[in-house]
Novice: 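Questions regarding the structure given below will be posed in turn.
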There are 2 protein chains.
Amino acid sequence: MSGRDSGGAATATVFAALGDPTRWEILVRLGRAPASASALAAELPVTRQAVGKHLEVLRAVGLVESSRSGREVLHRPVGSRLDELGRDLQRVAESWDRRLAAVKEIAERGD
Amino acid sequence: MSGRDSGGAATATVFAALGDPTRWEILVRLGRAPASASALAAELPVTRQAVGKHLEVLRAVGLVESSRSGREVLHRPVGSRLDELGRDLQRVAESWDRRLAAVKEIAERGD
DNA sequence: TCGAAGTGCAACCTCAGAGTTGCACTCTGA
DNA sequence: TCAGAGTGCAACTCTGAGGTTGCACTTCGA
């Protein structure tokens with residue numbers, strides 16, 4: 001999203017990515033320090049494969065970026081992406097308030 | 001959420017609510033003008049019952065409020081709730097950036 | 001060079017939830 | 001008072017996401 005869109009299927013996809021508790025937990029831990037899938041799996045109640053799938057989802061929506069060093073792949077969260085999403089949400093909220101106020105005014109004038 | 005939390009199961013629940021395309025579409029339409037479940041179903045490719053379930057989910061996380069007038073129930077989005085969520089996201093993004101900068105500094109100093 | 005650590009891929013299982021149909025109830029207006 | 005509009009509740013189907021096990025591949029270090 002980001003732009004005139006402020007909605008649509010793409011938005012729902014990002015929210016769906018953030019909507020899983022395990023995924024959110026992964027993001028929180030990556031926020032403390034970048035880590036590999038194996039390291040994350042060691043401190044979470046799921047297998048490395050499950051963590052890998054979650055990381056793939058998060059990477060697909062741009063919330064996580066990864067870089068390989070040797071046999072290890074380090075993952076870290078992308079703050080700017082989340083910041084952007086937060087701003088979009090506030091914009092949508094603002095437009096809701098504006099429109100609903102207009103609807104209310106029309107209704108009152110109509111009486 | 002809203003507060004020192006900025007994460008956790010409650011957060012994931014709100015995102016999960018926003019993560020469904022149909023639900024997002026419902027929110028967008030309610031943002032244009034309050035409407036009943038039947039009215040929404042008439043312009044969406046799902047039945048009234050499906051719309052009703054989505055509205056229940058949205059109401060449960062505080063994104064929609066409803067008021068009955070006669071035999072009709074009007075639903076409208078709660079802008080403040082979304083605004084609050086947007087602010088929380090930006091706070092989390094900021095803390096990520098801070099922590100990752102610290103990690104980077106430590107790594108560079110360690111060399 | 002060989003074992004261990006880390007990763008990637010694929011098949012499989014399970015269950016929540018998105019959607020449906022069906023019926024009973026309430027309210028409005030003619 | 002009666003038909004239609006709007007809603008609520010319950011049972012049911014079915015797809016997809018989250019999770020697992022199993023195996024093959026690469027990379028590092030002793």
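Residue numbers begin at 1 in each chain, while the letters A, B, ... track the order of the sequences. What you are looking at is a predicted structure, and each value in this text was computed from that prediction instead of being measured.
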Novice: Examine D/dG18: is either OP1 or OP2 under 4.0 Å from a nitrogen or oxygen in the side chain of A/T22? Give yes or no.
Specialist: no
Novice: Pairs under 3.5 angstrom only: tabulate donor-acceptor contacts from the side chains of residues 69-76 of chain B to other protein residues two or more places apart or in another chain.
Specialist:
unit_1 : atom_1 : unit_2 : atom_2 : d
B/H75  : ND1    : B/S66  : OG     : 2.7
B/R76  : NH2    : B/S67  : OG     : 3.4

Novice: With sequence neighbours left out, what residues match A/V61 under side-chain contact (heavy atoms from CB on, under 4.5 Å)?
Specialist: A/T13, A/V14, A/A17, A/L63
Novice: Would you say B/V51 ends up clustered with B/V57 if hydrophobic residues are merged whenever their side chains have heavy atoms under 4.5 Å apart, either directly or through other cluster members?
Specialist: no
Novice: Quick one: B/D20 CG to C/dA16 P, roughly how many Å, whole number?
Specialist: 18 Å
Novice: Under 4.5 Å between any side-chain heavy atoms of A/P77 and A/L58, yes or no?
Specialist: no
Novice: List for me each residue that meets side-chain contact (heavy atoms from CB on, under 4.5 Å) alongside A/D97, sequence neighbours excluded, and say none if there are none.
Specialist: none
Novice: Given atom CG of B/L74 and atom C1' of D/dT7, what is their separation to the nearest angstrom?
Specialist: 13 Å
Novice: Would you work out how much the helix from C/dT1-D/dA30 to C/dA30-D/dT1 bends between its ends, with each end axis defined by five base pairs, to 10 degrees?
Specialist: 30°
Novice: Within this structure, what is the CD-CG distance for the pair A/Q90 and B/L89, rounded to the nearest 0.5 Å?
Specialist: 9.0 Å
Novice: Check whether any side-chain heavy atom of B/V78 lies under 4.5 Å from a side-chain heavy atom of B/V64, and answer yes or no.
Specialist: no
Novice: If you take any heavy atom closer than 4.0 Å to DNA chain C, which residues from residues 51-66 of chain B end up in contact?
Specialist: B/K53, B/H54
Novice: Contacts to DNA chain C from residues 31-38 of chain A, heavy-atom cutoff under 4.0 Å, which residues?
Specialist: A/S36, A/A37, A/S38
Novice: For every nucleotide of nucleotides 22-30 of chain C, 5' to 3': is a protein heavy atom under 4.0 Å from its base (B), only from its sugar-phosphate (S), or from neither (-)?
Specialist: B----BB--
Novice: What is the separation between atom CG on B/L40 and atom P on C/dG19, rounded to the nearest whole Å?
Specialist: 13 Å
Novice: Please examine the side chains of B/L85 and B/F15, heavy atoms only from C-beta on, and report whether any two atoms are closer than 4.5 Å.
Specialist: yes
Novice: Can you list every pair that meets salt bridge (charged side-chain N to carboxylate O under 4.0 Å, His left out) and has a residue in residues 48-66 of chain A, with sequence neighbours left out?
Specialist: none
Novice: Below 3.5 Å, can you tabulate the donor-acceptor pairs from side chains in residues 26-40 of chain B to any protein atom, sequence neighbours excluded?
Specialist:
unit_1 : atom_1 : unit_2 : atom_2 : d
B/R29  : NE     : B/E25  : OE2    : 3.0
B/R29  : NH1    : B/E43  : OE2    : 3.3
B/R29  : NH2    : B/E25  : OE2    : 3.2
B/S36  : OG     : B/A39  : N      : 3.2

Novice: Once salt bridge (charged side-chain N to carboxylate O under 4.0 Å, His left out) is applied, do any residues pair with A/D83, and if so which ones, sequence neighbours excluded?
Specialist: A/R87
Novice: Of all residues at least two apart in sequence or in a different chain, which pass the side-chain contact (heavy atoms from CB on, under 4.5 Å) check with A/A16?
Specialist: none
Novice: Tell me, do A/L18 and A/R23 make a side-chain contact under 4.5 Å, heavy atoms counted?
Specialist: no
